[in-house]
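Each ligand, and each atom within it, is numbered from 1 in the order the structure gives.
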Amino acid sequence: MTTSELYRAPRPTISFELYPPRTPRGEEQVHETAARLAAGEADYFSVTYGASGTTSERSQALVEHLLAETRVPVIAHLTCVGRSRSQLRDVVSGLLDAGVRDFLALRGDPPEGGEWSPGGDGLARACDLVALIREVEAERFGLPPASPVERLVARRTRRDGVSIAVAAYPGYTVPGLSGEFQVRDDELTALRAKQDAGADFAITQVFFDVEAYVALQRAARAAGIVLPLVPGVLPLTDPDRIRRLCALNRIPEPAELLAELEAAGGPEEAYALGVRRTADLVRGVLAAGAPGLHLYTFNQHAAVTRLLDEVLAPA
Ligand SMILES: Cc1cc2nc3c(=O)[nH]c(=O)nc-3n(C[C@H](O)[C@H](O)[C@H](O)COP(=O)(O)OP(=O)(O)OC[C@H]3O[C@@H](n4cnc5c(N)ncnc54)[C@H](O)[C@@H]3O)c2cc1C
């Protein structure tokens, strides 16, 4: 079963993002985290892919470990950065050879302080990578080129195909303006292009307010985007990590939440408060119709397990 099929089930999915470890100790830690999560709630894992493809081999090694050891589907993240079209085709084929059937197709980030440029005959946008994976899938599994509707029907009836997730971006408020959550027009255009190229579902960037997710949901549906929009959720327990993530992803910091966490009477109180705030966020997005949760683990099981215990506990 590929991950896209999970989103046809009526219950919310629970999935976890892992990253390729840099050290032998990190490797032990991620393997242990994965084993614990696989024994619990995991519907699937996803494995990140470092900027410029620098973690390519370590990412693939972790994907292969998870496929071999956990029996949980695994999404391999893949970016367009630093590779020609034919190199990307080889990477996709290699992952298919390794048993991967689930991809998260991304453009990748521009270099720090720089603008994005594909270079050579490389791909410029995630929608181009979605199309390339569909091309390789068609060659590999004998799918004839077909119209988007025929492709959709084929994907829903065949069992050996590939599932493709893409990134989506929740609304953000603009400092000094009304406080309303707004989704960028170019992000909606990009998401629509990814859907049209053959994406199956989208996973969102981190956000801190239910309204940010609802704004994306509303704007996407109005733009004709029907993809399941899976909220990406960070356990909000560590102010430094929240700040780093906001800087890395160029999103506004949740000032009120950070102040609350920092005013808590000690690390355990701050941690418990962060879990409660994240649980409120999770309940809110599920009530708004989110098809599941994608939890950013940072290769540690404690925070996501505690969060799920809190969310799933009877009221
Ligand atoms: C869930 C998730 C996981 C991620 N995992 C990784 C990872 O493992 N490794 C990594 O390096 N990065 C990762 N990223 C970060 C991602 O690579 C960056 O956010 C990157 O800057 C944009 O990627 P994208 O796939 O959204 O790009 P695209 O969809 O290509 O969009 C990028 C920009 O191009 C423009 N654009 C694209 N298509 C169109 C169009 N058709 N018309 C007009 N404008 C268009 C828009 O301005 C858009 O903002 C992840 C992000 C998310 C949300």
Measure from the side-chain N and O atoms of D209 to the backbone N and O of E211, and report whether any donor-acceptor pair falls under 3.5 Å. no

Which of the numbered atoms in ligand 1 are below 4.0 angstrom from a heavy atom of A193? 41 (N)

By the definition side chain to side chain contact (heavy atoms under 4.5 Å, CB included), identify the one residue from D196, L188, T189 that meets it with R192. D196

Does the distance from a Lys or Arg side-chain N to an Asp or Glu carboxylate O, for R243 and E262, drop under 4.0 Å? yes

Does ligand 1 have any atom sitting under 4.0 Å from a heavy atom of R184? yes

Under the salt bridge (Lys or Arg N to Asp or Glu O under 4.0 Å) criterion, do R140 and E137 qualify, and how do the steps go? CA-CA 5 Å; R140 182 80 169 231; E137 176 193 35; over 6 Å; no

So, is D186 polar-close to ligand 1, with some N/O to N/O distance under 3.5 Å? yes

On a heavy-atom basis, I'd like to know which of S46, P20, G108 is closest to atom 20 (C) of ligand 1. G108

Pick out which of D43, D200, D102 makes a side chain to side chain donor-acceptor pair (under 3.5 Å) with T3. D102

Pairs of nitrogen or oxygen atoms closer than 3.5 Å, one from L104 and one from ligand 1: do any exist? no

When you measure from atom 12 (N) of ligand 1 to each heavy atom in N249, V206, L106, which option holds the nearest one? L106

Scanning both residues in full, the closest heavy-atom pair of Y169 with V183 reads O-CG1, 3.9 Å

Heavy atom to atom 34 (O) of ligand 1, shortest distance: which of E17, R107, H294 holds it? R107

So which atom in Q300 and which in V304 form the shortest heavy-atom distance, rounded to 0.1 Å? O-CG2, 4.0 Å

For residues R83 and S56, is any side-chain donor paired with an opposing acceptor at under 3.5 Å? yes

One finds that the ligand 1 atoms under 4.0 Å from a non-hydrogen atom of E187 are 48 (C), 49 (O)

Is Y169 close enough to touch ligand 1? Criterion: a residue heavy atom under 4.0 Å from a ligand atom. yes

Record the part of K194 in heavy-atom contact with ligand 1 below 4.0 Å; permitted values are side chain, backbone, both and neither. side chain

Is R192 touching ligand 1 with its side chain, its backbone, both, or neither, if touching means heavy atoms under 4.0 Å apart? neither

Atoms of ligand 1 less than 4.0 Å from A167 heavy atoms? 26 (O), 52 (C), 53 (C)

Mode of A126 contact toward ligand 1 - side chain, backbone, both, neither (heavy atoms, under 4.0 Å): both

What I want to know is whether T48 and ligand 1 share at least one N or O pair that is separated by under 3.5 angstrom. no

Ligand 1 and H77, any nitrogen or oxygen pair closer than 3.5 angstrom? yes

Between P170 and T204 the two heavy atoms that sit nearest each other are CG-CB, 4.0 Å

Does a donor on one side chain and an acceptor on the other come within less than 3.5 Å for S46 and H77? yes

Short side-chain to backbone donor-acceptor contact, D128 and R125, under 3.5 Å: yes

G232: heavy atom below 4.0 Å from ligand 1, yes or no? no

Angle class for the Y7/F201 ring planes (parallel below 30°, perpendicular above 60°, tilted otherwise)? tilted

Can you tell me which portion of Y296 lies within the under-4.0 Å heavy-atom range of ligand 1? Options are side chain, backbone, both, or neither. side chain

Say whether Q205, considering both its backbone and side-chain N or O atoms, lies within less than 3.5 Å of an N or O atom on ligand 1. no

With respect to atom 42 (N) of ligand 1, which of L188, T189, V130, V166 exhibits the smallest heavy-atom separation? T189

Under 4.0 Å, heavy-atom basis, I'd like to know which part of T79 is in contact with ligand 1: side chain, backbone, both or neither. side chain

